[in-house]
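To keep things clear, I will list the structure first and then write my remarks on it.
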Amino acid sequence: MNVMDLARPAEEVAPRLLGAVLTHETPEGTVSISITETEAYSGATDPASHAYRGMTPRNAVMFGPAGHLYVYRSHGLHWCANVVTGTDGTASAVLVRAGRVIEGEDLARRRRGGTAEGARLARGPGNLCQALGITAEHNGTDLLAGTSVALSEGEPVPAALIRVGPRVGVSKAHDWEHRFYLAGDPTVSAYRLSPRARPPRGT
């Protein structure tokens, strides 16, 4: 994985991240996750993006160079990890929604409270961050610079296994098909339409 792979629009990068590996090395141990589900957020052109209304202290990392980690708290409860994409100064990012733990399963399970098993360990963006031990302190991390949180190439994913659909749980632009996932993979989160989503005009 290199910065040129990520310096593209979010909707182009999102399917390319399937099969890539997100790793976090800590004194407790190392957890690595093979990415199985992503969502693209296109910045100023995307009503569901945190950057839709411009730069704030919260979303400033999205406006920086590609390959950095944008971490935010969802609903005041869960941390969510995003890979910044595009060009410096233009906000876009890909939410890492789910993955399969390929290293450090025991540590990931402990972080998840000891009850989650197998496919459920990193299913959903909040669970994924909990399994990896990613929090606000990792916001802005350069994923390609050899730091404790890193993004790397994984096994290539055949195009025939990639599915595309609407994003999960967002109320705006909820029908945009910017969600990418591996067909039939048990780690992929279930689709859920936000109760605040408005139906398309004319329906």
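All residue numbers refer to positions in the sequence shown, counting from 1. The figures here come from the full heavy-atom set of this structure, side chains too, leaving out hydrogens, waters and symmetry mates. From a predicted model like this one, the values you see are computed outputs, not experimental measurements.
- Separating the CZ atom in F180 from the CG atom in L18 is a distance of 8.5 Å, to the nearest 0.5 Å.
- Side-chain atoms of R112 come within 3.5 Å of backbone atoms of R120 as a donor-acceptor pair (strictly under, hydrogens ignored).
- Both V3 and V13 belong to a single network of hydrophobic side chains, linked directly or stepwise wherever heavy atoms of I, L, V, M, F, W or Y lie under 4.5 Å apart.
- With values rounded to the nearest 0.5 angstrom, Q130 atom CD is found 11.0 Å from L77 atom CG.
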Note to self: Run S189 and R97 through side chain to side chain donor-acceptor pair (under 3.5 Å) and show every step you take.
What the structure shows: CA-CA 8 Å; S189 54; R97 279 203 57 85; 3.1 Å; yes

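- Considering every non-hydrogen atom in both V168 and E39, the closest pair reads N-OE2, 2.6 Å.
- The shortest side-chain heavy-atom distance between R167 and E177 does not fall under the 4.5 Å cut-off.
- Side-chain contact, T23 with E103: no donor N or O sits under 3.5 Å from an acceptor N or O.
- Residues Y41 and V170 are in side-chain contact: their nearest non-hydrogen atoms beyond the backbone lie under 4.5 Å apart.
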Notebook entry, point to check: Given N82 and V94, is the side chain to side chain contact (heavy atoms under 4.5 Å, CB included) satisfied, shown in steps?
Noted result: CA-CA 5 Å; N82 302 255; V94 174; over 6 Å; no

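- There is no path of hydrophobic side-chain contacts, each under 4.5 Å, that joins V101 to Y181.
- Formation of a donor-acceptor pair under 3.5 Å by the N2 side chain with backbone atoms of D5 is found in this model.
- Residues R179 and V188 have side chains in contact (heavy-atom distance under 4.5 Å, counting atoms from C-beta outward).
- Look at R111 and E28 and you find a salt bridge, because one of the NZ, NE, NH1 or NH2 atoms lies within 4.0 Å of a carboxylate O, short of that distance.
- Taking both residues in full, the closest heavy atoms of G54 and F63 are given as C-CZ, 3.7 Å, listed atom of the first, atom of the second, then distance.
- The two residues A91 and A51 come nearest to each other via the heavy atoms CB-CB, 3.4 Å.
- Taken from OG1 in T38 to CG in L17, the straight-line distance is 6.0 Å, to the nearest 0.5 Å.
- With rounding to the nearest 0.5 Å, the separation of CG in L107 from CZ in R110 is 5.0 Å.
- Under a hydrophobic-cluster definition in which Ile, Leu, Val, Met, Phe, Trp and Tyr are linked whenever side-chain heavy atoms come within less than 4.5 Å, directly or via other members, L95 and M62 are assigned to the same cluster.
- Note on I134: it clusters hydrophobically with L144, by side-chain heavy-atom contacts below 4.5 Å among ILVMFWY residues.
- In this structure, C80 and S74 approach most closely via the heavy-atom pair SG-CB, 3.7 Å.
- Between T45 atom OG1 and W176 atom CH2 the span is 5.5 Å, to the nearest 0.5 Å.
- Between Y70 and R58 the shortest heavy-atom distance is CE1-O, 3.3 Å.
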Margin query: Run the side chain to side chain donor-acceptor pair (under 3.5 Å) test on T85 and S92 for me, step by step, so that the C-alpha distance in whole Å, both residues' side-chain angles and the decisive distance to 0.1 Å come before the verdict.
Written below: CA-CA 5 Å; T85 65; S92 71; 2.6 Å; yes

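- S42 has its side chain within reach of E11: a pair of non-hydrogen atoms, C-beta onward, lies under 4.5 Å apart.
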Notebook entry, point to check: Can W79 and T135 be said to form a side chain to side chain contact (heavy atoms under 4.5 Å, CB included), step by step?
Noted result: CA-CA 6 Å; W79 298 111; T135 67; 3.8 Å; yes

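- Using a cutoff of 4.0 Å between basic side-chain nitrogens and carboxylate oxygens, R163 and D185 are not scored as salt-bridged.
- Judged by distance alone, with hydrogens and angles left aside, the side-chain atoms of T141 form a donor-acceptor pair with the main-chain N or O of H138 at under 3.5 Å.
- Taking the side chain as every heavy atom from C-beta outward, T26 and T30 never approach each other to under 4.5 Å.
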Note to self: Between T187 and E37, does the side chain to side chain donor-acceptor pair (under 3.5 Å) criterion hold? Intermediate values first, please.
What the structure shows: CA-CA 8 Å; T187 66; E37 182 184 10; over 6 Å; no

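- Looking only at distances, a side-chain donor or acceptor of H24 sits under 3.5 Å from a matching main-chain atom of L132.
- Taking 4.0 Å as the cut-off between side-chain N and carboxylate O, E105 and R109 count as a salt-bridged pair.
- Between V96 and L128, the closest side-chain pair of non-hydrogen atoms falls below 4.5 Å.
- Proximity of V61 to V71: side-chain heavy atoms (C-beta onward) are nowhere separated by under 4.5 Å.
- A centroid separation of less than 6.0 Å is found between the aromatic rings of Y72 and H50.
- Using a 4.5 Å heavy-atom cutoff, the side chains of I33 and V21 are not in contact.
- When all heavy atoms of V149 and T147 are compared, the closest pair comes out as O-OG1, 3.0 Å.
- Put simply, OG1 on T36 and CZ on R123 are 9.5 Å apart, with the number rounded to the nearest 0.5 Å.
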